[in-house]
Amino acid sequence: MAFEKSVALKDCDYIYEISSAIKKYTLRDNTFEQTHVGNYQLTRILEEVPNSNEGFLLKIIINKDLTGFKINITDKSGLHIVNIFKNDSNKVIQEKFYFLMDSLVDRDIFTKKVK
């Protein structure tokens with residue numbers, strides 16, 4: 001999957017774009033880790049019950065030039081892409097995803113638009 005300027009996850013209510021005000025130190029302050037190739041990566045487990053280790057893996061990768069990114073939500077193994085927005089049984093997980101993304105929007109890492 002290539003780095004994109006904007007990402008629209010399937011069935012998600014919003015389109016996320018990389019902010020023009022993004023800074024490298026802001027990424028590090030928000031627990032993004034720099035990979036060996038220089039990209040910035042944030043990994044979180046989206047789980048219904050905290051600390052249960054039962055949920056989905058969210059991975060956000062921003063390229064080293066801060067011009068593109070990708071978002072993947074997978075099963076715990078990280079091998080299969082999952083659509084958490086497909087049905088309402090994942091309501092808590094959807095809320096946690098939106099909460100995390102809103103915090104990144106508030107810190108000028110991303111901007112969001114309604115689809």
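By convention here, the first residue in the shown sequence is residue 1. A quick note: this is a predicted structure, and the numbers were derived from the prediction, not measured.
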A.B. asks: Check whether any side-chain heavy atom of Leu42 sits under 4.5 Å from a side-chain heavy atom of Leu104, and report yes or no.
C.D. replies: yes
A.B. asks: Within this structure, what is the OG1-CG distance for the pair Thr43 and Leu57, rounded to the nearest 0.5 Å?
C.D. replies: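 Reported to 0.5 Å precision, the distance equals 6.0 Å.
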A.B. asks: Let me check something: do Ile93 and Ile45 share a hydrophobic cluster, defined by ILVMFWY side-chain heavy atoms less than 4.5 Å apart, either directly or through other members?
C.D. replies: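 Looking at the clustering, Ile45 is in a separate group from Ile93.
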A.B. asks: Compute whether any side-chain donor of one residue and acceptor of the other, for Asn30 and Thr26, lie under 3.5 angstrom apart.
C.D. replies: no
A.B. asks: Sort out for me which residue in Lys5, Lys113, Lys112 forms a side chain to side chain donor-acceptor pair (under 3.5 Å) with Glu17.
C.D. replies: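 Of the listed residues Lys5, Lys113, Lys112, the side chain to side chain donor-acceptor pair (under 3.5 Å) partner of Glu17 is Lys113.
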A.B. asks: Can you confirm whether more than 12 heavy atoms, excluding those of Asp106, are under 6.0 Å from its CG atom?
C.D. replies: yes
A.B. asks: More than 12 heavy atoms of other residues, nucleotides or ligands under 6.0 Å from NZ of Lys115: yes or no?
C.D. replies: yes
A.B. asks: Does Gln94 use its side chain to pair, donor to acceptor, with the backbone of Ser89 at less than 3.5 Å?
C.D. replies: no
A.B. asks: Can you get from Val114 to Phe99 by hopping between Ile, Leu, Val, Met, Phe, Trp and Tyr side chains that sit under 4.5 Å apart?
C.D. replies: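 Unlinked, Val114 and Phe99 end up in two clusters.
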A.B. asks: Indicate the atoms forming the closest heavy-atom contact of Lys76 with Gly55, along with that distance.
C.D. replies: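 Between these two residues, the closest heavy atoms are CG-O, 3.3 Å.
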A.B. asks: Roughly how far apart are Glu48 CD and Glu95 CD, rounded to 0.5 Å?
C.D. replies: 10.0 Å
A.B. asks: Give the minimum heavy-atom separation between Asn90 and Phe56, together with the two atoms involved.
C.D. replies: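 Smallest heavy-atom distance, with atoms named: OD1-CE1, 4.1 Å.
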A.B. asks: Evaluate side-chain contact (heavy atoms from CB on, under 4.5 Å) for Lys24 paired with Leu66, printing each intermediate quantity in order.
C.D. replies: CA-CA 8 Å; Lys24 291 182 180 183; Leu66 307 182; 3.6 Å; yes
A.B. asks: According to a 4.5 Å side-chain heavy-atom criterion applied to Ile, Leu, Val, Met, Phe, Trp and Tyr, with indirect links allowed, do Val105 and Ile73 form part of one hydrophobic cluster?
C.D. replies: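 Yes, one cluster joins them.
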A.B. asks: Nearest 0.5 Å, what's the NZ-NZ distance between Lys86 and Lys10?
C.D. replies: 7.5 Å
A.B. asks: Identify whether Val82 and Phe85 are in the same connected component of the hydrophobic contact network (ILVMFWY, side-chain heavy atoms under 4.5 Å).
C.D. replies: yes
A.B. asks: Mind listing the closest non-hydrogen atom pair of Tyr98 and Asp13 along with its distance?
C.D. replies: OH-N, 3.1 Å
A.B. asks: For the pair Gln34 and Leu27, evaluate side-chain contact (heavy atoms from CB on, under 4.5 Å) and give the outcome as yes or no after the intermediate values.
C.D. replies: CA-CA 9 Å; Gln34 200 162 11; Leu27 294 174; over 6 Å; no
A.B. asks: Heavy-atom count check: over 12 atoms from other residues, nucleotides or ligands less than 6.0 Å from Glu33 CD?
C.D. replies: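 No.
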A.B. asks: Given Met101 and Ile71, is the side-chain contact (heavy atoms from CB on, under 4.5 Å) satisfied, shown in steps?
C.D. replies: CA-CA 11 Å; Met101 292 305 291; Ile71 299 175; 3.8 Å; yes
A.B. asks: Taking all atoms of both residues into account, what is the closest heavy-atom pair of Ile15 and Ser6, and its distance?
C.D. replies: CG2-CB, 4.1 Å
A.B. asks: One pair to check against side-chain contact (heavy atoms from CB on, under 4.5 Å): Val7 and Phe110. What are the steps and the verdict?
C.D. replies: CA-CA 10 Å; Val7 172; Phe110 297 115; over 6 Å; no
A.B. asks: Do Leu100 and Ile109 share a hydrophobic cluster (ILVMFWY, side-chain heavy atoms under 4.5 Å, transitive)?
C.D. replies: yes
A.B. asks: Could you measure the distance from the CG atom of Asn39 to the CZ atom of Phe32? Nearest 0.5 Å is fine.
C.D. replies: 11.5 Å
A.B. asks: Can you tell me how far apart CG (Asp29) and CZ (Arg107) are? Round to the nearest 0.5 Å.
C.D. replies: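 Between atom CG of Asp29 and atom CZ of Arg107 there are 9.5 Å.
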A.B. asks: Supply the atom-to-atom distance Asp65 CG to Ile22 CD1, rounded to the nearest 0.5 angstrom.
C.D. replies: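 Here the rounded value is 11.5 Å.
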A.B. asks: Among Tyr14, Tyr16, Phe97, find the one that has a side chain to side chain contact (heavy atoms under 4.5 Å, CB included) with Leu9.
C.D. replies: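 So the option named by the test is Phe97.
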A.B. asks: Does any donor atom in the side chain of Thr74 or Asn72 lie under 3.5 Å from an acceptor atom in the other side chain?
C.D. replies: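 The answer is no; no qualifying pair exists.
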